[in-house]
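Below: the structure, in structure tokens.
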Amino acid sequence: MAIQKQAFLRKTVAAAAVAASLLGGLASVPTLSFAQDASAAAKAAADATAKAAKPNVVVLATGGTIAGAGASSVNSATYAAAKVPVDKLLAGLPELSNYANVKGEQVFQIASESFTNDNLVTLAKRVSQLVKQPDVDGIVVTHGTDTLAETAYFLSLTVHTDKPIVVIGSMRPGTALSADGALNLVDAVSVAGSQDAKGKGVFVTMNDEIQTARDVNKDVNIKTGAFQSQWGPLGMVVEGKNYWFRAPVKRHTNQSEFNIDSIDKLPQVDIVYAYGNVQPTAVNALVDSGAKAIIHAGTGNGSVADRMVKPLQDARGKGVLIVRASRVPYGFVLRNAEQPDDKYDWVVAHDMRPEKARILTMLALTKGAASTKDLQRMFWEY
Ligand code: ASP
């Protein structure tokens, strides 16, 4: 494309020079300015053609380390997140224009550990509006890495589109040596604008890997290869080209029964963490504070301490949904194995981490008082 553009420009300038020589009787200054005008017009036309050939990607910025700044280049872990505005991030990366026409929008400027349910709803609604626009081909969300996987899963469950949505962050601020945000952002824009990513849902593309939002989690808190999935990435993005090896099999985006366009508020769902000597204090307090569901992050295969069974049964008796997840990052919780879920009317979170089980359970509750049968079906299907 660049070579064709240069050849086109050369031809246009040459044509202008011929025209100028034919007009030999005229003074040299107007002749030169005619050539310059023709050249400028040709360049503008070539630029417009190149722009029209590229996809349009909107970058929605929410903060995090990718917008962070440290005091010096050796500060890879000590820095302030959510400082650099999106326009500055994009202006520092002229490489983005190799892949797409990129526009930035600052949705929030926060560290992702401070994300709230309202932030999730606001962001997803904006993504949903944008993907409906014919002049938008893909979306990138820049995000802090701490809760990035939760937001990506939320978007994959609630935004109806076949346009690629890519959520990314960085593990090091842009001011640090070997900062990873720049390449993560370039990769994300290239994936968001690519045809072969369409219909495959929401991605997290960090460290050159293309991960599906459902499966990926932040598994390491200090390395650039922080985002992993126990089922493996879908593929890789290298120098603007996608290499696919798997496809998501669970319901997402267009096949989802949830739609952010009809969701304005998310219900209170909380997590209780299991550990040796755990006591029912947290469960009881959450029930009293109005939780509609409790995700129990159990030990092992979602095990529940003997003294916790009754308080959880009592909570269920009051209408609170109980979801058995595990604090163990890999594997999946088996129904009726560690606890008689059928008898207690509990649900298992399958392979969902407790924090992602919270996301799906909140969405289930937006449909009204979800039955445990329905919620269990959702954990198998999404
Ligand atoms: N605490 C930061 C955040 O989630 C970490 C990061 O972005 O990597 O916003």
Side-chain angles (χ1 to χ4, degrees), residues 59-90 92-93 104-124 126-127 139-156 165-189 191-192 202-211 213-229 233 266 271 273 329 353-356 358-359:
V59 177
L60 297 178
T62 70
T65 297
I66 194 163
S72 87
S73 61
V74 292
N75 286 126
S76 60
T78 312
Y79 56 86
K83 289 281 164 223
V84 185
V86 65
D87 290 342
K88 208 166 161 202
L89 278 185
L90 300 182
L93 275 175
E105 211 176 288
Q106 194 78 48
V107 186
F108 317 116
Q109 186 64 293
I110 54 177
S112 75
E113 60 270 26
S114 302
F115 245 68
T116 62
N117 288 346
D118 287 345
N119 290 139
L120 285 177
V121 170
T122 304
L123 177 64
R126 184 63 189 132
V127 174
I139 303 287
V140 170
V141 176
T142 61
H143 199 290
T145 57
D146 288 4
T147 61
L148 186 152
E150 289 159 65
T151 298
Y153 187 45
F154 185 78
L155 294 175
S156 84
I165 300 168
V166 187
V167 189
I168 52 137
S170 74
M171 293 300 291
R172 295 177 182 146
T175 45
L177 294 172
S178 285
D180 52 332
L183 185 56
N184 286 348
L185 187 49
V186 168
D187 283 347
V189 164
V191 171
V202 177
F203 311 103
V204 173
T205 62
M206 309 256 303
N207 214 30
D208 294 346
E209 290 179 339
I210 307 174
Q211 300 272 4
R214 178 196 184 275
D215 296 347
V216 75
N217 292 294
K218 182 177 181 178
D219 273 2
V220 185
N221 65 5
I222 201 149
K223 290 183 186 171
T224 51
F227 280 77
Q228 292 167 18
S229 149
L266 295 166
I271 300 172
Y273 199 85
R353 300 269 173 101
E355 64 275 18
K356 279 175 140 175
R358 187 188 81 97
I359 298 282

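In listed order, ligands and their atoms are each counted from 1. All figures in this text were calculated on a predicted structure; none of them were measured in a lab.
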Ligand 1 atoms nearer than 4.0 angstrom to some heavy atom of G64 are 7 (O), 9 (O)
Any non-hydrogen atom of E113 lying under 4.0 Å from ligand 1? yes
S170 N/O to ligand 1 N/O under 3.5 Å: yes
If we only consider heavy atoms of G63, is any one of them less than 4.0 Å away from an atom in ligand 1? no
Would you indicate whether the side-chain heavy atoms of K356 and N217 approach each other to under 4.5 Å? yes
Starting at OG1 of T145, measure out to CZ of R172 and round the result to the nearest 0.5 Å. 12.5 Å
R358 side chain reached by N117 side chain, heavy atoms, under 4.5 Å: yes
If only side-chain N and O atoms count, and only distance matters, is there a donor-acceptor pair under 3.5 Å linking N119 with T116? yes
Give me the nearest non-hydrogen protein atom to atom 6 (C) of ligand 1 as residue plus atom name, then the distance to 0.1 Å. T65 OG1, 2.7 Å
Knowing that exactly one of M206, H143, Q211 qualifies, which makes a side-chain contact (heavy atoms from CB on, under 4.5 Å) with V167? H143
How about V140 and L185: do any of their side-chain heavy atoms sit closer than 4.5 Å? yes
Contact between T142 and V86 at the side-chain level, heavy atoms closer than 4.5 Å - yes or no? no
Which residue holds the protein heavy atom closest to atom 8 (O) of ligand 1, what is that atom called, and what is the gap in Å? T145 OG1, 2.4 Å
Flag T147 as yes when one of its N or O atoms lies below 3.5 Å from any N or O atom of ligand 1, and as no otherwise. no
Can you sort out which atoms of ligand 1 are near A111, meaning under 4.0 Å from one of its heavy atoms? 9 (O)
Among all protein non-hydrogen atoms, which one is nearest to atom 4 (O) of ligand 1, and what is the separation to 0.1 Å? S112 OG, 2.6 Å
